[in-house]
Amino acid sequence: MNLEDVFVTEGVPQFTFVKPPNFMALVVDIRRLGKPVIVEGQSGTGKTTTVKQALALIHPNNTPKILTPREPKDLPIIENISEDSGPEIFIIDDFHRLDEASKRRIADLAKIVAERDDRTNLPKLVIIGINNVGSDLIQLVPDIAKRMGIHRISPGTSESIMELIQTGCSHLNISFDNADEIVRESRGDYWLTQQICKTICISEGIGETQELNKLISWVKEKVNYLVVQNLHHNYDPAVKEFCRGRRFRPTNDPYFKLLKAVSEQDKSNVDLNELANSRVDIKGSINNVKDHRLKVLLDQKGMCSRLFYYDTETKSFAIEDPALFYYIKNLDWEDLRHRCGFRNEQKDFEFDIAISFAGENRDLAEFIVKQLAELDISVFYDRLYEDNYLGGPWAKHFIDVFVNKSRLVVALLDKYHSEKVWPSFERDCFTPRVQAQEVIPVILDNSVFPGIPSDLVSIKFSFDGNLNSQKNEIIDDVVLRIATKLDSI
């Protein structure tokens with residue numbers, strides 16, 4: 001037998017398919033006339049392969065075609081599925097990739113079919129999707145749960161992954177030295193197991209069944225490198241987009257530091273609060289993105305949202321695809337840093353900007369903060385972080401923020417800043433940073449400030465107190481200039 005027919009990385013494995021525990025329950029529901037069926041689970045669990053095997057068992061001579069939104073020619077067929085489609089079987093893979101309107105329409109059709117006692121002339125729907133597509137459908141149409149077959153294909157157990165490996169080895173008349181390591185590396189992913197086994201064989205010159213049984217020794221680092229190269233085109237675009245954030249700057253690397261830290265964990269589901277506390281060296285970067293920026297990134301970058309999950313309430317960051325977790329664990333992170341265009345900076349900052357202002361200019365400060373946030377720039381603004389510092393002294397936290405935790409300080413300077421106690425305290429904190437060009441003064445009047453030279457290059461802005469009438473000027477003359485300064489660092 002040929003290697004590619006045994007350890008299969010595309011299509012359906014004929015010889016190394018391992019049935020999940022709920023395989024027969026799935027077969028029964030797919031066989032049931034008209035009953036809508038949902039098959040869900042994370043990437044790599046073999047959902048599509050399992051459905052294909054079930055269909056081949058039920059319809060050995062005329063296996064129904066599987067439709068997917070990935071194929072442009074399939075989209076019109078999916079769009080035309082209706083109550084009038086007759087008793088045809090429609091298998092829709094990658095259901096989660098459909099637009100919301102199409103998903104709702106299919107869900108409504110599933111409800112109609114599920115409620116009928118006579119389904120003789122109604123279409124049979126088999127829906128395949130990642131995560132909780134069954135739960136999501138039920139939320140769309142809440143009263144259909146009991147009349148549908150919902151099956152979750154779970155990751156492989158150590159026993160089932162070992163069964164796959166040993167079955168393949170038996171067909172090729174080989175055995176792997178340290179096969180348990182393959183089980184650990186695959187983390188329950190059937191496809192990844194196939195890929196690792198195939199890569200080991202290729203690296204050792206095994207392309208077909210051996211005449212004499214052969215024990216194959218393999219070097220994990222070498223095989224990991226080769227598998228990562230095979231996975232590169234699958235994952236590199238999304239990983240790179242995640243690391244570069246919503247707006248690239250050579251110093252805007254907190255997403256990069258976060259993902260690299262996740263790759264160094266033993267599990268792919270990480271509490272970012274715990275991770276930040278355990279990694280003092282990058283605590284600032286993790287805190288920089290975990291409260292708001294990370295969720296916005298995933299909401300705006302579809303390529304990233306399909307691979308990474310984040311719950312802002314629990315601060316839980318997850319990679320559900322074991323092959324992706326394998327990829328980032330074995331990635332050359334220095335090479336990725338270079339390809340992303342980041343500088344190799346030693347100091348870690350929790351905030352790009354700390355903004356100092358007097359209460360009379362709070363509306364102006366808040367507008368600047370919001371506009372900077374739109375440019376993926378993190379800003380320390382007191383009202384956003386009051387809850388974080390409950391029970392502690394403001395003075396201590398402000399010293400830390402304006403001296404150590406912020407890359408730059410933006411100071412809205414006028415007579416109020418000069419007269420008020422808290423702004424004066426903040427000014428005492430950040431004035432020593434003026435010589436290092438780490439303070440951006442926004443001059444609102446002619447007030448003079450000790451320690452801030454009158455010839456210092458500043459942003460001079462005449463604020464008349466009417467925020468609505470000056471929004472465009474503030475964006476052009478203040479916000480974008482601050483962003484340009486950050487870009488140049």
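Heavy atoms only: backbone and side chains are in, while hydrogens, waters and symmetry mates are out.
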If you take all heavy atoms of Val113 and Gly34, which pair is closest and at what distance?
-> CG1-O, 2.9 Å
If you measure from CG on Leu324 to CG on Leu307, what distance do you get to the nearest 0.5 Å?
-> 5.5 Å
Name the one of Arg247, Lys301, Arg293 that satisfies salt bridge (Lys or Arg N to Asp or Glu O under 4.0 Å) with Asp376?
-> Arg293
Do you know the tightest heavy-atom contact between Pro64 and Ile91?
-> CB-CD1, 3.5 Å
Let me check something: any side-chain donor-acceptor pairs from residues 3-27 under 3.5 Å, sequence neighbours excluded? List them with distances.
residue	atom	partner	partner atom	Å
Thr9	OG1	Lys198	NZ	3.2
Thr16	OG1	Val6	O	2.8
Thr16	OG1	Gln194	OE1	3.4
Thr16	OG1	Gln194	NE2	2.9
Asn22	ND2	Arg152	O	3.1

Grab the two heavy atoms, one from Arg279 and one from Glu264, that are nearest each other, plus how far apart they are.
-> NH1-OE1, 2.8 Å
Are the side chains of Val479 and Leu372 in touch, meaning some heavy atoms are under 4.5 Å apart?
-> yes
With sequence neighbours excluded, tell me which residues meet side chain to side chain contact (heavy atoms under 4.5 Å, CB included) with Phe256.
-> Cys243, Asp253, Lys260, Trp333, Leu336, Arg337, Phe342
Hey, can you tell me if Phe308 and Phe317 have their rings parallel, tilted or perpendicular (30° and 60° cut-offs)?
-> parallel
CD/Glu211: more than 12 non-hydrogen atoms of other groups inside 6.0 Å | no
From Arg306 CZ over to Arg97 CZ, what is the distance, rounded to the nearest 0.5 angstrom?
-> 4.5 Å
Stepwise, does the side-chain contact (heavy atoms from CB on, under 4.5 Å) test hold for Ile353 with Leu486?
-> CA-CA 9 Å; Ile353 300 290; Leu486 272 172; 4.2 Å; yes
Of all heavy-atom pairs between Asp29 and Gly149, which one has the smallest distance, and what is that distance?
-> OD2-CA, 3.3 Å
Measure the OG1-CG distance between Thr45 and Asp321 for me, rounded to the nearest 0.5 Å.
-> 9.5 Å
Between Glu83 and Arg116, does at least one N-O distance fall below 4.0 Å, as a salt bridge requires?
-> yes
Can we say Arg105 and Glu79 salt-bridge, meaning some charged N sits less than 4.0 Å from an Asp/Glu carboxylate O?
-> yes
Test Asp189 against Tyr326 for side-chain hydrogen bond (donor to acceptor under 3.5 Å, both in side chains), laying out the working first.
-> CA-CA 10 Å; Asp189 188 304; Tyr326 174 96; over 6 Å; no
Before accepting this row, confirm whether a basic side-chain N of the pair Lys214/Glu204 lies closer than 4.0 Å to the acidic partner's carboxylate O.
-> no
Got more than 12 heavy atoms from elsewhere within 6.0 Å of NE2, His338?
-> no
Would you mind reporting whether Tyr327 and Val239 have side-chain heavy atoms less than 4.5 Å apart?
-> yes
Hey, does Lys283 have a side-chain heavy atom less than 4.5 Å from the side chain of Glu350?
-> no
Asn62, CG atom: more than 12 neighbouring heavy atoms under 6.0 Å | no
Under 4.5 Å between any side-chain heavy atoms of Leu480 and Leu375, yes or no?
-> yes
Distance in Å, Leu231 CG paired with Leu226 CG, rounded so as to fall on 0.5 Å steps | 11.0 Å
Yes or no on side-chain contact (heavy atoms from CB on, under 4.5 Å) for Ile78 and Phe90, after CA distance, side-chain angles and deciding distance?
-> CA-CA 8 Å; Ile78 295 172; Phe90 295 99; over 6 Å; no
Do the non-hydrogen side-chain atoms of Glu185 and Thr193 ever get within less than 4.5 Å of each other?
-> no
Electrostatic pair Asp74-Lys65, nearest N-O below 4.0 angstrom | yes
Heavy-atom check, side chain of Phe349 versus side chain of Ser378, under 4.5 Å | no
Quick one: pull up CZ in Phe351 and CD1 in Ile377 and give me the separation to the nearest 0.5 Å.
-> 14.5 Å
Salt-bridged, Lys370 to Glu366, with N to O below 4.0 Å?
-> yes
Assess whether side-chain contact (heavy atoms from CB on, under 4.5 Å) is satisfied between Lys267 and Phe325, documenting all intermediate values.
-> CA-CA 9 Å; Lys267 58 182 181 179; Phe325 191 54; 5.7 Å; no
So, the side chain of Asn80 versus the backbone of Pro76: is there a donor-acceptor pair under 3.5 Å, distance only?
-> yes
Would you sort out whether Ser285 and Asp348 count as a side-chain hydrogen bond (donor to acceptor under 3.5 Å, both in side chains), showing the intermediate values?
-> CA-CA 6 Å; Ser285 289; Asp348 190 63; 2.4 Å; yes
For Met303 and Pro237, the nearest pair of non-hydrogen atoms, with its separation, is SD-C, 3.6 Å
Arg32 atom CZ, neighbour heavy-atom count above 12 within 6.0 Å | no
Under 3.5 Å, is there a donor-acceptor pair linking the side chains of Asn269 and Ser316?
-> yes
First locate atom CD1 of Ile328, then atom CG of Leu259, and finally report the distance between them rounded to the nearest 0.5 Å.
-> 4.5 Å
Checking Thr68, Val126, Ile66, Ile81 against Ile92 for side chain to side chain contact (heavy atoms under 4.5 Å, CB included), the one that qualifies is Ile81
N/O donor-acceptor pair under 3.5 Å between Ser186 side chain and Leu192 backbone = no
Look at the side chain of Arg31 and the backbone N and O of Ala54, then say whether any donor-acceptor pair between them is shorter than 3.5 Å.
-> no
Using distance alone, with no hydrogens and no angle criterion, decide if Gln195 and Thr199 have a side-chain donor and acceptor under 3.5 Å apart.
-> yes
Shortest non-hydrogen contact from Gly341 toward Phe248 | O-CZ, 3.4 Å
Could you check Arg244 against Phe242 for side-chain contact (heavy atoms from CB on, under 4.5 Å), going step by step and ending with a plain yes or no?
-> CA-CA 6 Å; Arg244 286 169 64 96; Phe242 179 93; over 6 Å; no
Taking C-beta and beyond as the side chain, do Asn178 and Lys220 meet within less than 4.5 Å on heavy atoms?
-> no
Can you tell if the side chain of Tyr255 reaches within under 4.5 Å of the side chain of Asn288, non-hydrogen atoms only?
-> no
Side chain Asn173, main chain Gln210, donor-acceptor under 3.5 Å = yes
